Amino acid sequence: MPSPTSILSLFLLVLAATTVSSTDQLIQMFPKQHIVGAEGDTKCESWKFSIEVNNAGTWYSIPQPCIEFVRTYIDTGRYLADSRNAAAFSLTFARSVKVGDGKGMDAWIFDVDETLLSNMPYYKATGFGTEPYNVTSYNEWVETGLAPALPATLSVYKWVKKLGFKIFILTGRPVSQSAITAQNLIDAGYSGWEKLILRGPEDEGKKATVFKSEKRAELVKQGYTIQGNTGDQWSDILGYAVAKRSFKVPNPMYYVP
Ligand SMILES: *[C@@H]1O[C@H](CO)[C@@H](O)[C@H](O)[C@H]1NC(C)=O
Ligand SMILES: [Mg+2]
């Protein structure tokens, strides 16, 4: 009679073989970047976890099996619920900061796209990031100036302003879109920012992480303490001159390096 240990070994061997062969099938079914992270991740929750916490690193498009998941995530309000949850934690932190001490040098940074403003009308019309990125049509959308606020971030913005933080809006949009961006922000309910910082000619070709770190470092040099930073991309958050606390709002549609 085989020992319990050998039965267990056999079981593990069979399990390992099964796992390997189904992974192989998965690799054959999808191009490399389309592999959903885990076996049994039929609901794409594990994929979403991995992209949101940056375990996935660079990714180029929504995996084919997760397109419907992203559509549902956004359409059923779970996207908004996740951003509200991020907002709640942001506010808990903001209220804990002793703002000002008379100097008014406590800063909070906000990103624009998918953070202060939502380009969801554009992405809904183009398949939630499933169609190849078209810079022409995207810029046409930006130039309409019709992007609505992401409601949760709008409330964070209003609160941190009320609490006395100096607000800096730091976006990878080019300076050529400066006027329309400012107007769109005002129309969406934002006001009273200290400075709107866009990508200048000298910033062309820089990765967002580098560009944004440089701009944050300038603020630090001017004497600001960057207390909070809100963005939908890890490139809004990583690098140097990072905020005391950074808050990631959800974005399962695209990744900006
Ligand atoms: C990109 O968008 C522009 C403007 O809407 C359109 O004319 C063009 O055909 C699009 N390009 C592709 C490859 O779809
Ligand atoms: Mg953004």
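None of the values given here were measured: they were computed from a predicted structure. In this chain, residues are counted from 1 in sequence order. In what follows, every heavy atom counts, from backbone to side chain, and hydrogens, waters and symmetry copies are set aside.
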Item checked: Residue pair Lys215 / Phe211, side-chain heavy-atom distance below 4.5 Å -> yes
Next item on the list: Would you check if Lys212 and Asn229 make a side-chain contact, meaning some heavy-atom pair closer than 4.5 Å?
Entry: no
Next item on the list: State, to 0.1 Å, how close Ala217 and Tyr240 come at their nearest heavy-atom pair, and which atoms those are.
Entry: CB-CE1, 3.9 Å
Next item on the list: Would you please indicate yes or no on a ring centroid separation below 6.0 angstrom for Tyr133 and Tyr254?
Entry: no
Notebook entry, point to check: Quick one: salt bridge (charged side-chain N to carboxylate O under 4.0 Å, His left out) partners of Glu214, sequence neighbours excluded?
Noted result: Lys206
Next item on the list: Compare every heavy atom of Ser213 with every heavy atom of Gly239, then report the nearest pair and how far apart it is.
Entry: CA-OG, 3.3 Å
Check: Is there a donor-acceptor contact under 3.5 Å linking the side chains of Ser118 and Tyr123?
Finding: no
Notebook entry, point to check: What closest approach, in Å, do Asp111 and Thr171 show between heavy atoms, and which atom pair accounts for it?
Noted result: OD1-CA, 4.3 Å
Item checked: Under 3.5 Å donor-acceptor, Glu114 side chain and Asp232 backbone -> no
Next item on the list: Look only at the side chain of Gln227 and the backbone of Ala243, and say whether a donor-acceptor pair between them is shorter than 3.5 Å.
Entry: no
Notebook entry, point to check: Can you hop from Met253 to Leu80 via hydrophobic side chains spaced under 4.5 Å?
Noted result: yes
Margin query: I'd like to check Lys48 versus Val70 (side-chain heavy atoms, cut-off strictly below 4.5 Å). Are they in contact?
Written below: no
Check: Below 4.5 Å, heavy atoms only, C-beta onward: do Thr153 and Leu117 meet side chain to side chain?
Finding: no
Checklist line | Distance (rounded to the nearest 0.5 Å) between Phe49 CZ and Asn54 CG | finding: 11.0 Å
Margin query: If hydrophobic clusters are built from ILVMFWY residues whose side chains come within less than 4.5 Å, do Ile167 and Phe247 share one?
Written below: yes
Note to self: Distance check, rounded to the nearest 0.5 Å: Gln222 atom CD versus Glu194 atom CD?
What the structure shows: 9.5 Å
Check: If you round to the nearest 0.5 Å, how far is CG of Leu185 from CG of Leu196?
Finding: 6.5 Å
Next item on the list: Would you please name every residue forming a side chain to side chain contact (heavy atoms under 4.5 Å, CB included) with Arg95, sequence neighbours left out?
Entry: Leu91, Trp159, Leu163
Note to self: Counting C-beta onward and ignoring hydrogens, is there a side-chain heavy-atom pair between Tyr79 and Met120 closer than 4.5 Å?
What the structure shows: yes
Checklist line | Separation between CD of Gln64 and CD1 of Ile62, rounded to the nearest 0.5 Å | finding: 10.0 Å
Next item on the list: Looking only at non-hydrogen atoms, find the nearest pair between Arg173 and Asp113 and report the distance.
Entry: NH2-OD1, 2.7 Å
Next item on the list: Rounded to the nearest 0.5 Å, what's the gap from CG on Leu116 to CD1 on Ile169? Could you check?
Entry: 5.5 Å
Next item on the list: Please name the pair of heavy atoms, one in Ala147 and one in Ala188, separated by the smallest distance, quoted to 0.1 Å.
Entry: O-CB, 4.1 Å
Notebook entry, point to check: Does any non-hydrogen side-chain atom of Ile109 lie less than 4.5 Å from one of Leu219?
Noted result: yes
Notebook entry, point to check: Given the side-chain rings of Tyr190 and Phe110, with only the six-membered ring counted for Trp, is the space between their centroids under 6.0 Å?
Noted result: no
Next item on the list: Step by step, work out the side chain to side chain donor-acceptor pair (under 3.5 Å) result for Gln177 and Asn139.
Entry: CA-CA 9 Å; Gln177 293 174 342; Asn139 282 331; 2.9 Å; yes
Notebook entry, point to check: Sequence neighbours excluded, which residues qualify as ring-ring contact (aromatic ring centres under 6.0 Å, His included) partners of Phe89?
Noted result: none
Check: Parallel under 30°, tilted from 30 to 60°, perpendicular over 60°: which one fits the rings of Trp59 and Tyr255?
Finding: tilted
Notebook entry, point to check: Would a distance-only check, ignoring hydrogens and angles, find a side-chain to backbone donor-acceptor pair under 3.5 Å from Asn119 to Tyr122?
Noted result: no
Check: Are Val142 and Val256 co-members of a hydrophobic cluster defined by side-chain heavy atoms under 4.5 Å apart?
Finding: yes
Note to self: Exactly one of Thr225, Ile226, Val97 should register a side-chain contact (heavy atoms from CB on, under 4.5 Å) with Lys244. Which one does?
What the structure shows: Thr225
Notebook entry, point to check: Mind checking whether Trp141 and Pro121 have side chains closer than 4.5 Å, heavy atoms only?
Noted result: yes
Notebook entry, point to check: In terms of hydrophobic clustering (I, L, V, M, F, W, Y; side-chain heavy atoms under 4.5 Å; direct or indirect links), are Val242 and Leu238 co-clustered?
Noted result: no
Check: How many angstroms lie between atom CZ of Arg84 and atom OG of Ser155, to the nearest 0.5 angstrom?
Finding: 9.5 Å
Check: Is a salt bridge present between Arg71 and Glu68, judged by a nitrogen-to-oxygen distance below 4.0 Å?
Finding: yes
Notebook entry, point to check: Should Lys248 and Asp236 count as an ion pair when the cut-off is N to O under 4.0 Å?
Noted result: no
Notebook entry, point to check: Can you name the one residue among Trp193, Tyr157, Tyr224 that meets ring-ring contact (aromatic ring centres under 6.0 Å, His included) with Phe168?
Noted result: Tyr224
Margin query: Same cluster or not: Val220 versus Val99, using hydrophobic residues (I, L, V, M, F, W, Y) connected whenever any side-chain heavy atoms lie under 4.5 Å apart?
Written below: no
Notebook entry, point to check: Taking the inter-plane angle between the rings of Phe165 and Trp108 on a 0 to 90° scale, is it parallel (under 30°), tilted (30 to 60°) or perpendicular (over 60°)?
Noted result: perpendicular
Next item on the list: Answer yes or no: is there a donor N or O on one side and an acceptor on the other, between the side chain of Thr144 and the main chain of Glu140, under 3.5 Å?
Entry: no
Check: Looking only at heavy atoms, which two atoms of Asp82 and Pro250 are closest? And how far apart?
Finding: CB-CG, 3.8 Å
